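Values in this document were obtained by computation on a predicted structure and should not be read as measured data.
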There are 2 protein chains.
Amino acid sequence: MARPERRTVRDIRRGNRAVLLHTLYFSGPTSRNDLTARTGLSAATVSTMTAGLLGENIVVEAGQVESDGGRPRVLLRVNPEYGFAVGVDMAENHVRVGLFDLEMTERAKVDYVLRPARHDPELVARHILAGVEVVLSDAGVPTEQVLGIGVGVPGIVEPGPDGVIHAKPFGWDGVPLGALLRRGTSLPLYVDNGAKTLGQAELWFGSGRGSSEAVIVLLGVGVGATIVADGTTFRGVSNSAGEWGHTKIVAGGRPCRCGGRGCLEAYVGIEAILDRAGVGSQGDWEEDLDRLLASESPVIQETVTYLGVGLANLVNLVNPEKIVIGGWVGARLGERLLPEIRRATAANSLAEPYAATSIVLGRLGPDAVALGAATLVLEEFLNTPQVARITAAG
Amino acid sequence: MARPERRTVRDIRRGNRAVLLHTLYFSGPTSRNDLTARTGLSAATVSTMTAGLLGENIVVEAGQVESDGGRPRVLLRVNPEYGFAVGVDMAENHVRVGLFDLEMTERAKVDYVLRPARHDPELVARHILAGVEVVLSDAGVPTEQVLGIGVGVPGIVEPGPDGVIHAKPFGWDGVPLGALLRRGTSLPLYVDNGAKTLGQAELWFGSGRGSSEAVIVLLGVGVGATIVADGTTFRGVSNSAGEWGHTKIVAGGRPCRCGGRGCLEAYVGIEAILDRAGVGSQGDWEEDLDRLLASESPVIQETVTYLGVGLANLVNLVNPEKIVIGGWVGARLGERLLPEIRRATAANSLAEPYAATSIVLGRLGPDAVALGAATLVLEEFLNTPQVARITAAG
DNA sequence: TCATCTTAGTTCAGGAGCGAAAACAAGCGG
DNA sequence: CCGCTTGTTTTCGCTCCTGAACTAAGATGA
């Protein structure tokens, strides 16, 4: 049962401020006049509210545009330099730290290679904290201007302030990465599963843009998904919703590294694909996959079929408007096989939900995880724009 | 991306009124004093708001309770007779119409048997409309006091005002049942999938009570699910989310009546269970199932395993707090095999989400579909309590 | 019996919001 | 320089919620 919450008159203000900021952010330079139309707020409210935002330097003017014989419109936009967000992509073999302005333009970045089996939590945390220092000084951004740090990690992230991670293939079971990081910084921290941050990125800035019911799947070493319901990431009760890679598509089938059998990941994860093709996994996975795709191996068609089953299950269960295929394996497969993937999905879904879904490729490259992690910070900023933040600029 | 909506000061009133009504409804008789604590609203607001609700006869007094030496508390509750809701269960072989008061006590009901292959939409619509007449006159409730009619149907219901239904095994493809009904009544209509109305009933009044992240599965002739996210039924983009029965658990497996292969329903739907056991489906399904359960057939264990796979996929993908097993097949299986079902689910889920989920049996009997359909009306009433409804009583 | 205590519920003044409309601003055309 | 058009700000009235003062209603005990 839905349990609505009490509201007070101040919530209106906060809420409408968020509406205004969202609109301004996603519509780009907009006049006050346009804002009244787009938000449905009265001109009066837009006026006073924008005055406040301008005063706080959250919003800046962005030129004028002449109007049909009358007073020209003054364009406004979110000040991209009002604040910055750090996005961290912590993956199986590297830690990547990026600094983004509010328009999500990358201002600096730094990479650390993780030697296999060197996933010591302390070491990773040190890498991340060092990375933050580096990108800030490279870009000349003072810490006070950073709105927060988002971190995308493999595995399941418990809800709660400590950012506790469970990542089997990693050897992490209950590592409180958030707590480790908080020892080295007082900035707001957002730790989330990497598939979810990638999903967030594609949803806001990539192929998912504009959808409010969508699924973004990640095909890489691991297989995961972000389910978007009503415009926000669906997390379930303990933040692990979307573990698509370990749903079973062949009861009792191939063993999976999770310990189970018949998982989707045991068919369409990169290791599984190469293994099924009998390709030695000693070399470079990307090269191996490319060679396999270039060959006429029936394993390709099988992979497409299994992927179609997995996607069809999402179509039936989630009924999304859009499915975005992301991750580097997804990109390679999709590049050449998208029509076949669509056909395989159609063959395994119910007609009505399939007809309502469009299946597309992700648009963002390998940096999507870090970008999405930074987007967590942006999301918070747009939803609850501080009123009393002290700005250095201005 | 979440897109907040503009609010005006009047929305607060409406919203808080809904908060108050929800609290009153679900907490039963409650004093104003308690209401301030439970809702977080100030005593002043509760006072004026309840005065309004009392004046409109939506809320009535329900006795007093003495307080430790001071003025006794006056208890308030939603007036169960303020309005009534009709709930219709339209199934493969019957149409059942029930009249419920606001407390969801059944005041009258009537059944019509549908002869197989007599699913003429006009006929069904006539049954429903006749049924409404009958229950109203049986209970002596005038039409003006009816808040709406909810209808639970098999198959997929398109969003939109016409209640268009797609139900393959039924021979209905694009039947606008809502529009047909509207020709015979001007009451508000809510047409929804039967698995969803059952889910709604279990969520509000059955085993799902209090959960805001849950899945209610329906095991019967068909197999379906209601996914509850943030306290409300998750519908996807075209209202067909939750088609769990046709998700694939064995790629390329047994053929299903939907035309696909390897669907869950082709393993745990009643026809599939009996078929796999080699039981002739001529007799009564319920008897057949009971006999099968009493036997030592390995088909039972297989069924549990397949069901476990299906449930585990829900656990991994949805990460619910609770899974409620409903439907008559679900009840029979669960009665004897719940521990085995839990084990099978555990064996196929990731540890973290499984640990967060409790798997329980539904508590409502065979009338849950009709009750849930009526609950659609109730939900609307609680969320947007009319301000100017004309009441006969009072 | 009645003053006092305790808890419940109501009323009122004050502050915060929004919206409609009037006022003001800023170009354009003549 | 004067109207005209369009964009933005200000003014004013209304609604809402809240805290505090106030009233209501029973219990207690001298």
Is any side-chain heavy atom of [X] closer than 4.5 Å to a side-chain heavy atom of [Y]?
X: A:Arg77; Y: A:Val60; answer: yes
X: A:Leu102; Y: A:Leu378; answer: yes
X: B:Leu189; Y: B:Arg182; answer: yes
X: B:Arg7; Y: A:Asn16; answer: yes

Separation of [X] atom [atom1] from [N] atom [atom2], in whole Å?
X: B:Asp34; N: C:dG9; atom1: CG; atom2: P; value: 9 Å
X: A:Glu66; N: D:dT5; atom1: CD; atom2: P; value: 17 Å
X: A:Gln64; N: D:dG7; atom1: CD; atom2: P; value: 12 Å
X: B:Arg73; N: C:dT6; atom1: CZ; atom2: P; value: 16 Å
X: A:Arg32; N: C:dC24; atom1: CZ; atom2: C1'; value: 14 Å
X: B:Leu54; N: C:dT10; atom1: CG; atom2: C1'; value: 13 Å
X: B:Leu35; N: D:dT18; atom1: CG; atom2: C1'; value: 17 Å
X: A:Arg14; N: D:dC17; atom1: CZ; atom2: P; value: 15 Å

Go nucleotide by nucleotide along DNA chain D from the 5' end; which of A:Val46 and A:Gly70 gets its closest nucleotide reached first? A:Gly70

If you apply the rule side-chain hydrogen bond (donor to acceptor under 3.5 Å, both in side chains), what do you find for B:Thr23 with B:Arg38, and how did you get there? CA-CA 7 Å; B:Thr23 313; B:Arg38 286 177 198 263; over 6 Å; no

Quick test: give all pairs of protein nitrogen or oxygen and nucleotides 16-20 of chain C nitrogen or oxygen below 3.5 Å, distance rounded to 0.1 Å.
residue : atom : partner : partner atom : Å
C:dC18  : OP1  : A:Asn16 : ND2          : 2.9
C:dC18  : OP2  : A:Arg13 : NH1          : 2.8
C:dG19  : OP1  : B:Arg6  : NH1          : 2.5
C:dG19  : OP2  : A:Ser42 : N            : 3.0
C:dG19  : OP2  : A:Ser42 : OG           : 3.0
C:dG19  : OP2  : A:Thr45 : OG1          : 3.0

Based on the rotation axes of five pairs at each end, what angle does the helix from C:dT1-D:dA30 to C:dG30-D:dC1 bend through, to 10°? 30°

Please verify the inter-ring angle class for A:His22 with A:Trp204; under 30° counts as parallel, over 60° as perpendicular, anything in between as tilted. tilted

For a side-chain hydrogen bond (donor to acceptor under 3.5 Å, both in side chains) check, start with the C-alpha distance between A:Thr384 and A:Glu380, then their side-chain angles and the critical distance, and finish with the verdict. CA-CA 6 Å; A:Thr384 60; A:Glu380 177 68 17; 3.2 Å; yes

Would you find more than 12 non-hydrogen atoms of other residues, nucleotides or ligands less than 6.0 Å from A:Gln64 atom CD? yes

OP1, OP2 of D:dA24 versus side-chain N and O of B:Arg71: anything below 4.0 Å? no

Salt bridge or not for B:Glu202 and B:Lys322, using N-O below 4.0 Å? no

